[in-house]
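Quick notes on the structure that follows.
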Amino acid sequence: MYKIKTIVGKGFADFAKNEMVILYDDVNDIIQKKYPHDKNVKYDLGQGVSEHKINQLIRKAEKNGLRDFLLFDEVKKCQRSHVHKVDIRNSMLSVPIEIDKNTYESNIHIDDENELMSDHVTGQHLQGMLLIEACRQMFLAVTEEYFSKNEKEIMSFAWTRGDVEFNDYAFPVSTIIRLYISHMENSKKGRRKYTTNMEVIQKNCLVCTSIMEYETIPKKVTSRRETILAYASVT
């Protein structure tokens, strides 16, 4: 039976002081230089490592005959079209998959250089704003991937409600986010309203739950309204 160490980025250096945690740079050295290492230790993926570095590590392990020591696959994070982020470092999710009717799941992947990692980082737990942003990105990604592709017009999103409950500390370990669409309603002028329930899960424990409501609205409608309201706000 082997032991499992969790790989994290430099932003979680304090967490890496725990016995079964290791920094990405140290694992990279092991893979790159084929250091003698304990064959009873394998590596799982935590948080703080970029998509590029994760995939690079896997390819390097394959080349050096050490692939079996990495217990994770290559990562394909959501792009701008899914989560409305220009910089891939600020995308926090794998592309969501449908696991049941109206139920979708992604893995959370937080980059050390994510915009929300620039301040208020303890080095141990994941701050609450990271989980809130992951939930926001999740409803965007699910809607873009499964519901917006067949729309005749380009759609905008209007976030109307966000309730979040934190049940426990979240740490920089493997993390799943699951979304269930509990209500979907077509309304006037091409609008569609959604109510979603989300769960953030670590080590089979529920660390955060969220209820979020939003609408998709034709972009030409929101652009026109935004222009009118912007003008009214300064006149």
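- Glu215 pairs in a salt bridge (charged side-chain N to carboxylate O under 4.0 Å, His left out) with only one of the listed residues (Arg191, Arg161, Arg192), which is Arg191.
- Linking ILVMFWY residues whenever their side-chain heavy atoms come closer than 4.5 Å, directly or via other members, places Val142 and Ile132 in the same cluster.
- Defined by atom type and a distance below 3.5 Å, a donor-acceptor pair is present between the side-chain atoms of Asn28 and Lys60.
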### Task
I would like to know whether Glu213 and His183 meet side-chain hydrogen bond (donor to acceptor under 3.5 Å, both in side chains); could you show each step before the answer?
CA-CA 9 Å; Glu213 296 177 354; His183 180 74; over 6 Å; no

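- Using cut-offs of 30° and 60° on the angle between ring planes, the pair Tyr214 and Phe139 is parallel.
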### Query
Going through the checks in order, is the side chain to side chain contact (heavy atoms under 4.5 Å, CB included) test met by Glu105 and Ile176?
CA-CA 7 Å; Glu105 191 171 282; Ile176 293 170; 3.4 Å; yes

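- Judged by distance alone, the side chains of His125 and Gln127 never bring a donor and an acceptor atom under 3.5 Å apart.
- The aromatic rings of Phe15 and Phe171 sit parallel, their planes meeting at an angle under 30°, below the 60° perpendicular limit.
- Atoms CG and OH, from Asp26 and Tyr24 in turn, are 11.5 Å apart once rounded to the nearest 0.5 Å.
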### Task
Please lay out, stage by stage, how Lys85 and Glu115 fare under the test salt bridge (charged side-chain N to carboxylate O under 4.0 Å, His left out).
CA-CA 11 Å; Lys85 291 293 185 180; Glu115 59 190 334; 2.6 Å; yes

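- Note: the hydrophobic cluster containing Val83 does not contain Ile181 (ILVMFWY, side chain heavy atoms under 4.5 Å, direct or indirect links).
- If you run side chain to side chain contact (heavy atoms under 4.5 Å, CB included) between Ile88 and each of Lys77, Arg80, Glu113, only Lys77 comes through.
- Other residues, nucleotides and ligands place no more than 12 heavy atoms under 6.0 Å from the CD atom of Glu226.
- Crowding of Lys220 atom NZ: a count of heavy atoms from other residues, nucleotides or ligands under 6.0 Å not exceeding 12.
- Transitive grouping of hydrophobic side chains (ILVMFWY, heavy atoms separated by less than 4.5 Å) keeps Met198 and Ile211 in distinct clusters.
- Under the 4.5 Å side-chain criterion, counting only non-hydrogen atoms from C-beta, Asp87 is not in contact with Asn114.
- Defined by atom type and a distance below 3.5 Å, a donor-acceptor pair is missing between the side-chain atoms of His82 and Gln137.
- Met117 has its side chain within reach of Phe12: a pair of non-hydrogen atoms, C-beta onward, lies under 4.5 Å apart.
- We find the CD1-SG distance between Ile201 and Cys208 to be 10.5 Å, quoted to the nearest 0.5 Å.
- Across all their heavy atoms, Leu131 and Ala170 have their closest contact at CD1-CB, 3.9 Å.
- Going from atom OG1 of Thr143 over to atom CE of Met184 covers 9.0 Å, rounded to the nearest 0.5 Å.
- Arg178 has a carboxylate O that lies under 4.0 Å from a charged side-chain N of Glu199, or vice versa, which qualifies the two as a salt bridge.
- Ring geometry for Phe147 versus Tyr104: interplanar angle over 60°, hence perpendicular rather than tilted (30 to 60°).
- Open room surrounds CZ on Arg225; 12 or fewer heavy atoms of other groups in view lie less than 6.0 Å from it.
- Here the shortest heavy-atom pairing between Tyr146 and Glu98 reads OH-N, 3.2 Å.
- Residues Ser182 and Asn197 have side chains that bring a donor and an acceptor to within less than 3.5 angstrom of each other.
- When all heavy atoms of Ala13 and Leu23 are compared, the closest pair comes out as CA-CD2, 4.2 Å.
- In this structure, CG on Asp119 lies 12.5 Å from CE on Met129, to the nearest 0.5 angstrom.
- Rounded to the nearest 0.5 angstrom, Arg224 CZ and Leu229 CG are separated by 12.0 Å.
- Considering only heavy atoms from C-beta on, Glu51 stays 4.5 Å or farther from Asp111 through its side chain.
- Asn55 is listed as a side-chain neighbour of Val75, based on a closest heavy-atom distance under 4.5 Å.
- A cation-pi arrangement is absent between Lys5 and Tyr43, since the terminal nitrogen or guanidinium carbon is not both under 6.0 Å from the aromatic centre and inside a 45° cone about the axis.
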### Task
With side chain to side chain contact (heavy atoms under 4.5 Å, CB included) as the test, would you mind laying out the steps for Ser210 and Asp163 before giving the verdict?
CA-CA 5 Å; Ser210 173; Asp163 295 343; 5.9 Å; no

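- Shown here for Val8 and Val49, the closest heavy-atom pair between the two residues is C-CG2, 4.0 Å.
- By the 4.5 Å heavy-atom criterion applied to side chains, Asp112 and Ser50 are not counted as neighbours.
- Follow the hydrophobic side-chain contacts under 4.5 Å out from Leu116 and you reach Val207 in the same cluster.
- Proximity of Lys193 to Thr216: side-chain heavy atoms (C-beta onward) are nowhere separated by under 4.5 Å.
- In this structure, the side chains of Asp25 and Val27 stay at 4.5 Å or more apart for every pair of heavy atoms.
- Shown here is Glu185, whose CD atom has more than 12 heavy atoms of other residues, nucleotides or ligands within 6.0 Å.
- Listed for the Thr235 side chain is a donor-acceptor partner under 3.5 Å among the backbone atoms of Tyr231.
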### Task
May I have the step-by-step check of side-chain hydrogen bond (donor to acceptor under 3.5 Å, both in side chains) for Thr175 and Gln202, ending in yes or no?
CA-CA 5 Å; Thr175 307; Gln202 294 187 332; 2.8 Å; yes

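- Scanning both residues, Cys78 and Pro96, for their nearest heavy atoms gives SG-CD, 3.8 Å.
- Interatomic distance, SG of Cys135 versus CG of Leu93, reported as 9.0 Å (0.5 Å rounding).
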### Task
Could you please spell out the steps behind the side chain to side chain contact (heavy atoms under 4.5 Å, CB included) verdict for Phe157 and Ile217?
CA-CA 6 Å; Phe157 285 73; Ile217 307 168; over 6 Å; no

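- At a threshold of 4.5 Å between side-chain heavy atoms, the hydrophobic network of Ile, Leu, Val, Met, Phe, Trp and Tyr places Leu206 and Met138 in two separate groups.
- Not a single donor-acceptor pair under 3.5 Å links the side chain of Thr222 to the backbone N or O of Ser156.
- A salt bridge links Glu133 with Arg136; the closest basic N to acidic carboxylate O contact falls under 4.0 Å.
- Here the side chains of Thr209 and Val164 are not in contact, with every heavy-atom distance at 4.5 Å or above.
- Heavy-atom neighbours of Phe166 CZ from other residues, nucleotides or ligands within 6.0 Å: above the threshold of 12.
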### Task
Please step through side chain to side chain contact (heavy atoms under 4.5 Å, CB included) for the pair Ile110 and Leu126, ending with a clear verdict.
CA-CA 10 Å; Ile110 298 169; Leu126 300 181; 4.1 Å; yes

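- Closest approach of Ile31 to Asn64, counting heavy atoms only: O-ND2, 2.7 Å.
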